[in-house]
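None of the values given here were measured: they were computed from a predicted structure. Atoms considered below: every heavy atom in the structure, side chains included; atoms not considered: hydrogens, waters and symmetry mates. The residues of the chain are indexed from 1 along the displayed sequence.
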Amino acid sequence: MIGAVNAAIAAFYYFRVLKVMTIDEGNEDRPALKLAFADQAWLVAFALANLLPSSSGPHRRLGRGALVLYAGR
């Protein structure tokens with residue numbers, strides 16, 4: 001019973017979020033988020049640091065080495 005109530009509350013909440021994202025009017029008059037070049041460079045560097053270790057080649061070896069250092073094994 002408690003699980004059903006929790007699921008109903010969660011569904012109501014997520015459907016409201018979905019409605020705001022898809023149906024409600026947006027703020028088209030607001031400008032898009034503008035970041036300074038240095039901030040953009042940091043975002044790209046962090047994205048590459050997360051994506052490259054999962055690819056094949058030497059990056060996979062570096063990623064495994066980092067995991068060994070992090071996990072301590």
Side-chain angles (χ1 to χ4, degrees):
M1 176 71 175
I2 293 175
V5 172
N6 189 20
I9 292 171
F12 174 75
Y13 172 76
Y14 286 115
F15 279 123
R16 283 187 55 191
V17 171
L18 185 64
K19 177 184 160 284
V20 168
M21 289 174 48
T22 58
I23 298 172
D24 290 350
E25 264 188 57
N27 289 331
E28 284 79 20
D29 55 340
R30 289 181 61 189
L33 178 65
K34 301 287 185 194
L35 292 175
F37 178 75
D39 294 333
Q40 291 177 6
W42 276 113
L43 286 175
V44 168
F46 288 138
L48 289 175
N50 281 294
L51 294 175
L52 288 179
S54 63
S55 64
S56 61
H59 300 293
R60 172 171 264 168
R61 188 183 65 229
L62 291 173
R64 285 180 189 249
L67 183 61
V68 167
L69 288 174
Y70 177 75
R73 293 185 213 141

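- For residues 32-51, the set of pairs meeting the ring-ring contact (aromatic ring centres under 6.0 Å, His included) definition, not counting sequence neighbours, comprises Trp42-Phe46.
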List the atom pairs, with distances to 0.1 Å, where a side-chain N or O of residues 8-23 and a protein N or O form a donor-acceptor pair under 3.5 Å, not counting sequence neighbours.
| unit_1 | atom_1 | unit_2 | atom_2 | d |
| --- | --- | --- | --- | --- |
| Lys19 | NZ | Asp24 | OD1 | 3.1 |
| Lys19 | NZ | Asp24 | OD2 | 3.3 |
| Thr22 | OG1 | Leu18 | O | 2.8 |

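- Asp39 pairs by the side-chain contact (heavy atoms from CB on, under 4.5 Å) definition with Leu35, Ala36, not counting sequence neighbours.
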